[in-house]
Amino acid sequence: MPELPEVETIRRDLAPQVQGRRVASVEVLWERSIAVPPAPEFVGRLTGRTITGVDRRGKFLLLRLDQNETLAVHLRMTGRLLYRPAGAAPDPHLRVRIVFEGGDELRFTDQRKFGRLYLLDPSGLDTLFARLGPEPLDAAAGREQFLALLRQRRGALKPLLLNQATIAGLGNIYVNESLFRAGLHPLRRAETLTEEERARLYNAVRETLQAAIAHGGTSIATFLSALGSSGRNQDYLLVHQRAGQPCPRCGTPIARIVVAGRGTFFCPRCQPLP
DNA sequence: CATTACCTGCAA
DNA sequence: TTGCAGGTAATG
């Protein structure tokens with residue numbers, strides 16, 4: 001489900017609720033939701049920890065804990081992190097329940113069971129992040145790193161941008177939207193880009209993500225923030241899932257093809273293949 | 001590169 | 001019944 005803007009929305013909603021809270025008990029209802037360590041050890045090490053902060057790296061949400069531990073959560077397609085007050089009604093597809101002192105809960109629910117939780121020490125975190133590219137919303141360093149990677153990589157832009165090693169946090173929605181904003185065809189090959197086009201792509205990625213965060217994320221099918229609210233960015237999508245509808249810039253019908261196995265939406269006129 | 005596997009639910 | 005869905009690791 002969520003890409004960078006959705007994870008960032010969850011982070012912002014969740015942080016004030018869980019900051020400083022101590023974990024009283026943990027219940028794992030679907031063991032494979034725990035990537036590492038094995039579920040019994042996961043429960044033992046997480047119980048008694050206090051949450052000191054909430055961060056994000058790419059699509060990973062990071063709950064910082066005392067004892068130098070971090071609970072990293074990747075929601076994949078349908079995962080949700082829901083903060084629920086004590087005694088709240090059950091949620092469907094509950095996989096992991098984290099109960100705080102006082103009875104409030106953080107619930108990990110996941111219809112398709114692709115999402116994963118990782119309880120890691122600092123070196124484990126380094127390993128997890130080793131293959132992540134730059135943070136698109138970070139300042140100058142991220143820009144240079146991204147432009148450098150684009151200069152050396154070859155092949156179609158769409159699979160390149162879906163690869164988290166190129167830039168961290170993009171998924172299908174925001175790759176489609178970013179390429180439209182940049183006026184670049186999804187099958188355009190990276191090695192044919194001009195420096196001006198590379199810069200345009202970088203700027204388009206940032207504008208697309210920042211707008212989506214400002215709208216609280218995109219709720220097409222299943223995304224909910226930590227407090228259970230939907231995002232509004234689905235009302236602002238320019239091309240994603242809009243096949244046959246007029247391009248917002250020129251009126252040409254939006255096309256749909258499959259690239260990298262994913263539905264790919266673009267304007268044939270605004271995003272020509274040279 | 002593309003395809004498959006991991007899973008479930010919904011719409012066509 | 002088939003195809004599709006916002007992800008990614010493994011495989012060809």
Side-chain angles (χ1 to χ4, degrees), chain A residues 1-11 29-36 56-61 72-81 91-96 108-118 127-133 136 152-180 185-192 205 208-209 211-213 215-226 230-244 256-265:
Chain A
M1 121 195 178
E3 307 175 32
L4 185 153
E6 290 73 42
V7 179
E8 179 62 20
T9 298
I10 291 170
R11 190 192 69 76
L29 296 99
W30 182 256
E31 293 215 351
R32 271 180 281 172
S33 293
I34 311 300
V36 65
R56 179 190 58 72
R57 173 77 170 100
K59 300 175 190 173
F60 288 97
L61 187 85
V73 181
H74 198 305
L75 300 168
R76 296 281 184 101
M77 296 288 267
T78 57
R80 291 174 174 170
L81 269 183
D91 284 295
H93 314 299
L94 180 67
R95 309 301 179 199
V96 179
F108 173 71
T109 75
D110 190 7
Q111 178 192 114
R112 289 173 69 178
K113 302 176 175 173
F114 290 166
R116 292 292 181 266
L117 276 57
Y118 309 72
T127 305
L128 191 65
F129 295 160
R131 292 187 309 181
L132 285 188
Q152 73 190 55
R153 302 293 300 278
R154 316 168 51 78
L157 286 178
K158 169 123 196 204
L160 209 57
L161 293 173
L162 285 172
N163 184 344
Q164 300 300 295
T166 310
I167 189 163
L170 291 185
N172 201 34
I173 293 180
Y174 298 115
V175 169
N176 286 332
E177 296 290 299
S178 297
L179 287 170
F180 174 76
H185 193 288
L187 293 176
R188 180 72 185 277
R189 302 188 67 82
E191 64 270 27
T192 71
V205 166
T208 298
L209 295 177
I213 291 171
H215 295 137
T218 301
S219 295
I220 290 180
T222 62
F223 169 66
L224 293 179
S225 177
S230 295
R232 291 165 283 108
N233 198 59
Q234 62 276 13
D235 300 331
Y236 299 88
L237 296 176
L238 304 172
V239 294
H240 184 77
Q241 290 198 349
R242 297 179 60 85
R256 180 189 188 276
I257 59 176
V258 174
V259 181
R262 320 300 305 276
T264 299
F265 303 84

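All figures in this text were calculated on a predicted structure; none of them were measured in a lab.
A:R80 places its CZ atom 19 Å from the P atom of C:dA5, with the value rounded to the nearest Å. What separates CG of A:L61 from P of C:dG7 is a distance of 17 Å, to the nearest Å. A:R262 places its CZ atom 8 Å from the P atom of C:dA5, with the value rounded to the nearest Å. Between A:L162 atom CG and C:dT8 atom C1' the separation is 10 Å, expressed in whole Å. With rounding to whole Å, A:K158 atom NZ is found 13 Å from C:dT8 atom P. Between the CD atom of A:E3 and the C1' atom of C:dA5 there is a distance of 12 Å, rounded to whole Å.
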Quick test: give all pairs of protein nitrogen or oxygen and nucleotides 1-5 of chain B nitrogen or oxygen below 3.5 Å, distance rounded to 0.1 Å.
unit_1: B:dC1; atom_1: OP2; unit_2: A:A156; atom_2: N; d: 2.6

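The strand DNA chain C forms stems, runs of 3 or more Watson-Crick or G-U wobble pairs with distances below 3.5 Å, at B:1-6 with C:7-12, B:8-12 with C:1-5.
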Self-check item: Pair A:V175-A:E3, side-chain contact (heavy atoms from CB on, under 4.5 Å): steps then yes or no
Solution: CA-CA 10 Å; A:V175 169; A:E3 307 175 32; 6.0 Å; no

Self-check item: side-chain contact (heavy atoms from CB on, under 4.5 Å) between A:L238 and A:N176, intermediate numbers included
Solution: CA-CA 9 Å; A:L238 304 172; A:N176 286 332; over 6 Å; no

Quiz item: When you look at A:L4 and A:R56, which way does the side-chain contact (heavy atoms from CB on, under 4.5 Å) test go after all the steps?
Solution: CA-CA 9 Å; A:L4 185 153; A:R56 179 190 58 72; 3.3 Å; yes

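Rounding to the nearest 0.5 angstrom, the gap separating the NE2 atom in A:H215 from the OG atom in A:S230 is 15.0 Å. The CG atom of A:L128 lies 7.0 Å from the CG atom of A:L132; values are rounded to the nearest 0.5 Å. A:R95 CZ to A:E31 CD: the interatomic distance, rounded to the nearest 0.5 Å, is 13.0 Å. Taken to the nearest 0.5 Å, the OG1 atom of A:T78 stands 4.0 Å off from the CG atom of A:D110. Annotation: the span from A:R76 atom CZ to A:R112 atom CZ amounts to 11.0 Å, rounded to 0.5 Å.
Comparing C:dC4 with B:dA2, their P atoms sit 16 Å apart, to the nearest whole Å. A distance of about 16 Å separates the P atoms of C:dT2 and B:dT4, rounded to the whole Å. Nucleotides B:dC10 and C:dT8 place their P atoms 24 Å apart, quoted to the nearest Å. Atom name P, nucleotides B:dC7 and C:dT11: the rounded distance is 16 Å, in whole Å.
Applying side-chain contact (heavy atoms from CB on, under 4.5 Å) to A:F108 and the options A:L81, A:D91, A:L29 leaves one that passes, A:L81.
Ring geometry, A:H240 versus A:F265: the interplanar angle exceeds 60°, so the pair is classed perpendicular (tilted spans 30 to 60°).
Judged by closest nucleotide on DNA chain C, A:Q241 is the one of A:Q241 and A:R131 placed further toward the 5' end.
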Practice problem: List the protein contact pattern of nucleotides 6-12 of chain B with one symbol per nucleotide (5' to 3'): B for base contact, S for sugar-phosphate-only contact, - for none; contact means a heavy-atom distance under 4.0 Å. | Solution: BBBS---

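Contact annotation: the side chain of A:N172 approaches that of A:K158 to within less than 4.5 Å [non-hydrogen atoms, C-beta and beyond].
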